[in-house]
Asker: 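Take a look at the following structure, please.
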4 protein chains.
Amino acid sequence: MSGPTPRSPVPRRPRRHDPGRRDRLIDAALTVIAERGVAGTTHREIARAADVPLGSMTYHFASLDEVLAEAFTRHADSVARVFDERLSAARDRDAAIEAVITLVSDDLLGARQDLVLSVELYVAAARNPALRTVTQAWMARSRQALERHFDATTARELDALIEGLVLHSALSTDPMTPEQIRHAICRHLR
Amino acid sequence: MSGPTPRSPVPRRPRRHDPGRRDRLIDAALTVIAERGVAGTTHREIARAADVPLGSMTYHFASLDEVLAEAFTRHADSVARVFDERLSAARDRDAAIEAVITLVSDDLLGARQDLVLSVELYVAAARNPALRTVTQAWMARSRQALERHFDATTARELDALIEGLVLHSALSTDPMTPEQIRHAICRHLR
Amino acid sequence: MSGPTPRSPVPRRPRRHDPGRRDRLIDAALTVIAERGVAGTTHREIARAADVPLGSMTYHFASLDEVLAEAFTRHADSVARVFDERLSAARDRDAAIEAVITLVSDDLLGARQDLVLSVELYVAAARNPALRTVTQAWMARSRQALERHFDATTARELDALIEGLVLHSALSTDPMTPEQIRHAICRHLR
Amino acid sequence: MSGPTPRSPVPRRPRRHDPGRRDRLIDAALTVIAERGVAGTTHREIARAADVPLGSMTYHFASLDEVLAEAFTRHADSVARVFDERLSAARDRDAAIEAVITLVSDDLLGARQDLVLSVELYVAAARNPALRTVTQAWMARSRQALERHFDATTARELDALIEGLVLHSALSTDPMTPEQIRHAICRHLR
DNA sequence: AATGAATGAGTATTCATTCAT
DNA sequence: TATGAATGAATACTCATTCAT
């Protein structure tokens with residue numbers, strides 16, 4: 001009694017031909033990582049999030065590690081792209097400073113999911129060399145973007161300060177206000 | 001075939017009386033977290049690290065979460081204590097600045113295990129409210145220590161900068177040198 | 001010492017494709033419940049009884065409770081079916097009385113396993129609401145079957161009497177003989 | 001941090017000398033059995049219910065089975081005593097009939113805990129010979145009490161009917177009313 | 001006499017991955 | 001190409017019982 005499919009409650013899914021599914025799976029993986037952490041990210045959970053049969057996961061990816069690597073690469077790329085765009089749009093040093101402030105206040109602190117994903121990536125990278133490649137490429141790219149407007153030493157320091165401001169605000173019960181962030185950045189660059 | 005060798009098959013661990021075991025388990029937990037991450041921290045792994053039978057874990061702790069909470073509390077306490085000590089030893093602002101530099105270069109970046117533990121704690125806290133209590137108490141304590149020598153705004157910014165410098169160096173293939181760290185901190189406080 | 005004997009160490013069970021396994025598991029569960037009681041009914045025990053790997057249990061059933069519910073439902077259905085059949089075959093009141101006597105003497109008391117299963121179900125239902133549904137549907141069905149031939153009050157009393165006769169005989173060292181059962185039932189309906 | 005006693009939350013218990021503890025433990029066991037079933041009855045649970053240290057259980061009883069046996073014996077004795085008393089107080093057959101009705105309506109159906117305990121005992125006895133002794137002594141005693149007023153055959157039938165009425169009412173969503181019980185019993189004895 | 005600590009076997013359940021269709 | 005079924009290792013946790021104090 002009661003059909004033989006044990007877990008998935010009801011939804012018939014007649015989606016045999018589905019190009020772009022691999023892509024959707026990577027996005028689903030990011031959602032799951034953000035919601036439940038890398039530790040809670042399983043084939044099953046991702047498949048459920050993407051509304052796709054379990055077998056499809058191992059059909060499209062050789063292993064869960066492969067999924068994680070692709071997901072984190074996508075995340076880093078998307079954050080880095082915003083970084084690039086903000087800074088390459090700035091015409092002078094002052095505009096660059098404003099860009100950095102916006103970046104921290106709006107882009108980084110504004111997107112809860114991205115924030116969580118970044119910290120998850122840091123920790124995962126600590127033990128997974130494949131992910132270390134991702135974080136390093138990302139850091140290099142951020143610093144490069146900053147170096148369009150600041151000398152190498154300043155760029156590096158600024159990058160660290162940004163990291164600290166974001167992380168602190170993320171963990172704090174009373175995150176810094178945009179004015180406080182502006183103050184911190186301007187003081188360092190003064 | 002070949003008798004069952006009935007007595008003392010593995011002659012290890014005749015440790016029925018072992019006061020302080022709970023304590024050792026917490027330390028073992030910290031070692032395991034540092035080595036394999038929170039995700040890889042299991043009852044078994046901790047028991048193995050402490051050379052203690054598995055059942056002992058659940059005798060001493062109601063759940064794995066309790067173990068994590070106690071372990072991270074101990075970690076945060078020990079890091080905060082160093083912070084406190086360095087800063088309360090400083091007689092004036094200049095000495096305080098030197099203290100901060102030493103803190104970052106030596107204490108924080110010097111102890112690989114502590115560094116990893118801190119990042120693990122950040123991520124774990126993102127999903128575990130009990131741990132959030134730990135991080136917040138810790139942050140409050142650091143800031144308080146800094147406020148012995150700096151105004152509240154500066155203390156907060158400095159705390160964030162320290163965080164960023166440590167994290168960046170931790171993740172980077174080429175961590176910042178003590179001189180670079182001194183430069184960053186002095187520039188902000190200049 | 002002595003090579004690892006790499007191939008087919010225990011040449012059992014090459015049953016990758018096995019339709020109807022879920023079904024067999026439910027039957028195995030009933031066997032185990034009858035033999036060792038609900039308390040002794042574990043995933044492992046059922047898997048062993050069905051000669052199936054442990055993992056298969058949790059693939060087919062979301063929880064042990066689900067297994068129990070399905071197993072008891074099957075049991076109740078099968079007992080109720082016999083009840084139905086006997087009584088719907090009876091053409092008049094006298095035939096119905098004979099049917100009830102046969103039911104108690106042969107069907108209920110005759111099948112040791114069914115008897116034990118019923119008592120197990122009673123107790124389990126006392127603490128598991130899902131099972132209470134099963135017992136109640138079953139009771140309703142029995143009473144309905146009796147009401148084909150007897151008025152509602154009589155049906156209810158008869159149902160209770162049957163229960164008592166069966167339970168008493170089941171627990172007793174000297175169970176009632178068919179004649180004694182006939183006497184009890186006839187006296188009540190006289 | 002936090003003392004070495006892991007489970008029991010706070011309550012200091014300086015009760016080194018405590019005669020009658022064994023007795024209280026048996027009562028606690030009955031409470032636990034009624035609340036969580038034999039399957040959920042553990043040393044720990046009983047110790048907690050009696051507010052006694054775990055070690056005390058195995059100090060007073062050689063095994064859990066011993067606890068169960070003593071607890072069920074006490075339960076059966078107390079139910080049988082009521083049975084005895086009601087029936088020995090009856091001066092004639094009519095009074096005996098009234099006694100039986102009161103017994104079922106008030107004593108048996110009125111005490112939820114006793115009812116549950118009885119069914120638990122039945123099932124436990126099915127697999128534990130030591131308990132079978134208890135149930136059989138109990139049944140013999142009930143029947144003997146009935147035989148003060150009824151012939152052997154009637155006593156036996158009545159005993160079964162009582163059992164059925166109680167069990168049915170216990171399991172049913174709409175238990176029989178005292179009038180319905182009176183009707184059933186009187187009809188059988190008419 | 002009494003008890004906290006200790007332990008190993010057992011429990012349900014999860015899951016990455018393999019396989020047959 | 002795609003997937004439901006299958007599996008074995010692992011996980012957190014429970015517990016009767018033993019033991020040292």
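Naming: A, B, ... by sequence-line order, numbering from 1 per chain.
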Asker: Could you list by number each residue of residues 29-42 of chain B showing a heavy-atom separation from DNA chain E of less than 4.0 Å, or answer none if no residue does?
Answerer: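 Correct list: empty, so none.
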Asker: Quick one: look up who dT11(F) pairs with, Watson-Crick or G-U, both distances under 3.5 Å, and put none if it's unpaired.
Answerer: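 Because both required distances fall under 3.5 Å, dT11(F) counts as paired with dA12(E).
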Asker: Measuring only between side-chain heavy atoms, which start at C-beta, is V32(B) closer than 4.5 Å to R48(B)?
Answerer: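 No, too far: nothing below the 4.5 Å cut-off.
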Asker: Identify the nucleotide, in any strand shown, that forms a Watson-Crick or G-U wobble pair with dT21(F), with both distances under 3.5 Å; if there is none, say none.
Answerer: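 With both distances under 3.5 Å, dT21(F) matches dA2(E).
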Asker: Please determine, for the side chain of H60(D), which listed nucleotide (dA2(E), dA6(E), dT13(E)) has the closest atom?
Answerer: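 For the H60(D) side chain, the nearest candidate turns out to be dA2(E).
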Asker: When you measure from the side chain of R36(A) to the backbone N and O of T41(A), does any donor-acceptor pair fall under 3.5 Å?
Answerer: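 It does not hold such a pair.
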Asker: What does T58(A) touch in the nucleic acid at a heavy-atom separation under 4.0 angstrom: a base, only the sugar-phosphate, or nothing?
Answerer: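 The residue T58(A) makes base contact.
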Asker: Looking only at side-chain atoms of L64(D), point me to the closest of dT3(E), dT17(F), dT17(E).
Answerer: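 For L64(D), the side-chain atoms sit closest to dT17(F).
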Asker: Of all the nucleotides listed (dT17(E), dA16(F), dA2(E)), which has the minimum atom distance to the side chain of Y59(D)?
Answerer: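 For the Y59(D) side chain, the nearest candidate turns out to be dA2(E).
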Asker: Any carboxylate oxygen within less than 4.0 angstrom of a Lys/Arg side-chain nitrogen, looking at R74(A) and D23(A)?
Answerer: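 Salt bridge present between R74(A) and D23(A).
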Asker: Between dG8(F), dT17(F), dG4(E), which one does the side chain of H43(D) approach most closely?
Answerer: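 The closest nucleotide is dT17(F).
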Asker: Want to settle it: does M57(B) or R44(C) sit nearer the 5' end of DNA chain E, counting the closest nucleotide to each?
Answerer: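 Its nearest nucleotide being more 5', the pick is M57(B).
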